[in-house]
Peer 1: 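Supplied in structure tokens, the structure appears directly below.
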Number of protein chains: 2
Amino acid sequence: MAEKISKSGRRQHATIKEVAELAGVSQMTVSRVLNRRDVVREATRARVEEAIRELKYRPNLLARSLAGGNSLFIGMIFNNPSNSYLSELLIGAMNRCREAGHHLVLEDFSSYKEPEDVDELVGRVSGAGLDGILVVPPLSEDDLLLSKLDEVGIPCVLIAPRTRSGSGTSLSIDDEAAAKQMTEYLIERGHKRIGFVIGAEDQISSHRRYSGFQMAMAEAGLEIDPDLVRRGRFTYRSGMEAADRMLDMADAPTAIFASNDDMAAGVIASAFRHGKRVPEDISVVGYDDTPIASAIWPQLTTVRQPIAEMGYQSVDLLASFIGDEDQAGKDLHPVLDVAIIERDSVKRVS
Amino acid sequence: MAEKISKSGRRQHATIKEVAELAGVSQMTVSRVLNRRDVVREATRARVEEAIRELKYRPNLLARSLAGGNSLFIGMIFNNPSNSYLSELLIGAMNRCREAGHHLVLEDFSSYKEPEDVDELVGRVSGAGLDGILVVPPLSEDDLLLSKLDEVGIPCVLIAPRTRSGSGTSLSIDDEAAAKQMTEYLIERGHKRIGFVIGAEDQISSHRRYSGFQMAMAEAGLEIDPDLVRRGRFTYRSGMEAADRMLDMADAPTAIFASNDDMAAGVIASAFRHGKRVPEDISVVGYDDTPIASAIWPQLTTVRQPIAEMGYQSVDLLASFIGDEDQAGKDLHPVLDVAIIERDSVKRVS
DNA sequence: GTGAAAGCGCTAACAG
DNA sequence: CTGTTAGCGCTTTCAC
């Protein structure tokens, strides 16, 4: 280790200047091979790369952003800090921010309970010198907040918002297609009497997921028994209650599709209370692939959203929205695909 | 809004130079009032502060850290990206990093499955020019990884590690005291026959939590029935199985303390299968306050760790460890306090 | 008390 | 293809 140690005991990293000296070129040339801009001659590039390796040089991101002048301060607002969804979003967003030299600033909006709170909170982000904001659900479904944000004119990317319109940009996943796919998965495995637990009435994803279920059933020529469709509130308990009603029926379903994992876990609890085994006596599927899906037993077959990917892309979306005057020709509301995660809660019936 | 807009359409923030001009002083003076170093004369300071307000000036953190020369690149390694624990830790750490001008770099170690993987992974962080590393559990309990990290000589803060010793620093919470407190909570509410589900054998927190349980029982003069102590694996299913055995007994416990929330949820599922109501027929408590604790029904009374606070403090701990030559007189292994979160899974018995 | 100069490490603009 | 000259916005000397 030939590293210099400053008086503070910190490691000094090699700088571009030292690399340039070792390679016998100018700083600019080093900078060029780093950024692969114009083609540096093969021979010089090799020398520079050798020097970089030797000195274990790593570009200083701070200096890079400062000099480059194109580094955004991006805020991320959320109201549920203890949430695995947030954790994945954060990872995706941070990774992209680091790559692109942007800076992510977290703003906790947990204290937002009453409509009166919104002004203070929005003031906090608008006065913070942020270049743009990433709005994490369920904040992205809050019309009051959204309109206030729009008022102060700060660029926003809404993550999984209620609607895909609006003055800003948004990033969503196709709930309808996903629910349709999951229903088809059940149908392919021989299920015909399928129960469905709808989510909370005020969340748009509830409707879209139910609609996907309806589409798949219709396409397969299967009938939906109205008694097998119950509304829940996206909570464990509401899922349990919904299932209680279905399983009390003489002609109980062979499978239940709950609109999220919490409710699906509640459905499984209800099955236990009714002396039924999962998946032998009844198949259960969820949606979201939250930690509860793999925590419970049997582990839940469910729908997984590419959450980290959304975090990653949301940064780019915001950056391109801020960077360009004209938004023409750009997809301001991209939609991402989901995947079915097969675990142990579904069984084929004959 | 008198903001200048660059050709790229980005907002230009006011700089220290503009503030200085408006206030009729030098940049240096502005810098001084910002950093509250030596006392700037009251009158000048007022002028500067007025200018700052007028221009909505916010110091550029990039430039500040670059010039200051004291800004760390801190890595955070984890192996479970979809985890609410990580999300809170991240929030705490990021907030402190922003305040202190440090940079947090996330490194996903999920691919670490076999001992062979460790060298490549450690190489990734040691070659990345990081000043230090925050090790998130359960990585902080992995002796192989820890020794490799030690070998390459990169400063680490271990979050909730197996032991409080070691060459680096660590941050933990007092599992034993917390479990003792929770047991006392149950005892105060009249419970005498209390079941306990131990966690996975290889995790040190399992032992500490059980030990806290034993201490409280002993101090209260209560006996521990060996049949009421079962080992689980920190999973839902293992909690369910452990409770199955206890609830099959003629003399079933009136309360069960599971060493984490997943197992507690499994205990509740087992109670359902045995036709018991929670908390009317049996009280159940967990540990961790993960999302599952408030997702299930009834909501779990549990122990909450100050996770975000740990993230926050871990950054300072690392920074002070890196910054100073002599570690004398500093607490290298601080221990944080926990809190009991009262919800609906406990009932007083007479 | 306050200011002027120099530079943190890098990249943009223009030369050559 | 490569080097030179300027800064990015701030803080650190060291003067006054």
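All heavy atoms count here, side chains included; hydrogens, waters and symmetry mates do not. All values reported here derive from a predicted model rather than from experimental measurement. Proteins come first, then strands; the chains are lettered A, B, ... in the order of their sequence lines, and each starts at number 1.
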Peer 1: Do the side chain of A:Asp131 and the main chain of A:Ile74 share a donor and acceptor less than 3.5 angstrom apart?
Peer 2: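 Side chain of A:Asp131 to backbone of A:Ile74: no pair is present.
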Peer 1: Of the candidate nucleotides D:dG7, D:dC10, C:dT2, which contains the atom at the shortest distance from the side chain of B:Val40?
Peer 2: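 Of the candidates, C:dT2 comes closest.
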Peer 1: Return the value, rounded to whole Å, for the distance between atom CG of B:Leu55 and atom C1' of D:dG9.
Peer 2: 14 Å
Peer 1: Within this structure, what is the NE2-to-P distance between B:His103 and C:dC10, rounded to whole angstrom?
Peer 2: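 After rounding, the gap between these two atoms is 14 Å.
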Peer 1: Parallel, tilted or perpendicular: which describes the rings of B:Phe73 and B:His103, with under 30° parallel and over 60° perpendicular?
Peer 2: parallel
Peer 1: If only side-chain N and O atoms of A:Arg41 are considered, is one of them under 4.0 Å from the OP1 or OP2 phosphate oxygen of D:dT2?
Peer 2: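 Yes, because at least one side-chain N or O of A:Arg41 sits under 4.0 Å from OP1 or OP2 of D:dT2.
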Peer 1: Would you say the side-chain atoms of B:Ser126 pair up with the backbone N or O of B:Val122, donor to acceptor, closer than 3.5 Å?
Peer 2: yes
Peer 1: Applying side chain to side chain contact (heavy atoms under 4.5 Å, CB included) to B:Phe109 and B:Leu145, what does each step give before you reach the verdict?
Peer 2: CA-CA 11 Å; B:Phe109 271 34; B:Leu145 175 66; 4.0 Å; yes
Peer 1: Please give, in whole Å, the distance from D:dG9 P to A:Arg64 CZ?
Peer 2: 19 Å
Peer 1: Return the residues of residues 19-28 of chain B meeting this criterion: a heavy atom under 4.0 Å from some atom of DNA chain D. Order them by number, or give none.
Peer 2: B:Gln27, B:Met28
Peer 1: Could one point to a donor on the side chain of A:Arg32 or the base of D:dG3 with an acceptor on the other under 3.5 Å away?
Peer 2: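 Answer is yes: a donor-acceptor pair is held.
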Peer 1: Could you state the atom-to-atom distance from CG of A:Leu62 to C1' of D:dG9 in whole Å?
Peer 2: 11 Å
Peer 1: Whether B:Asn60 contacts D:dC8 is assessed here as follows: a side-chain N or O lying under 4.0 Å from the phosphate OP1 or OP2. Is that the case?
Peer 2: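 False: B:Asn60 side-chain N/O out of range (4.0 Å or more) of D:dC8 OP1/OP2.
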Peer 1: Check the phosphate of C:dG9 against A:Thr15, side-chain N and O only, distance under 4.0 Å to OP1 or OP2. Yes or no?
Peer 2: no
Peer 1: OP1 or OP2 of D:dT2 sitting under 4.0 Å from any side-chain N/O of A:Thr44?
Peer 2: yes
Peer 1: Please compare A:Leu61 and B:Arg45 by the position of their nearest nucleotide in DNA chain C and report the one closer to 5'.
Peer 2: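 Looking at the nearest nucleotide for each, B:Arg45 comes out on the 5' side.
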Peer 1: Take the protein atom CG of A:Asn35 and the nucleotide atom C1' of C:dA12, then report the distance between them rounded to whole Å.
Peer 2: 11 Å
Peer 1: Rounded to the nearest angstrom, tell me the gap between atom NZ in B:Lys17 and atom P in D:dG9.
Peer 2: 9 Å
Peer 1: Mark yes or no for whether A:Glu18, through its side chain, and A:Thr15, through its backbone, hold a donor-acceptor pair below 3.5 Å.
Peer 2: yes
Peer 1: Respond yes when some side-chain nitrogen or oxygen of B:Thr29 is under 4.0 Å from OP1 or OP2 of C:dG3, and no when none is.
Peer 2: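 So the side chain of B:Thr29 is within the cut-off, an N or O lying under 4.0 Å from OP1 or OP2 of C:dG3.
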Peer 1: Is A:Asn80 close to A:Val136 at the side-chain level, that is, under 4.5 Å between some pair of heavy atoms?
Peer 2: no
Peer 1: To the nearest Å, how far apart are A:Glu18 CD and C:dG9 P?
Peer 2: 8 Å
Peer 1: Could you tell me whether the side chain of B:Val25 reaches within less than 4.5 Å of the side chain of B:Val48, counting heavy atoms only?
Peer 2: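 Of all side-chain heavy-atom pairs linking B:Val25 with B:Val48, at least one is under 4.5 Å.
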Peer 1: Side chain of A:Ile16 only, heavy atoms from C-beta on: which candidate in D:dG9, D:dC10, C:dT11 is closest?
Peer 2: C:dT11
Peer 1: For A:Ile52 and C:dC10, what is the distance between atoms CD1 and P respectively, to the nearest whole Å?
Peer 2: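 In whole Å, C:dC10 P and A:Ile52 CD1 are 10 Å from each other.
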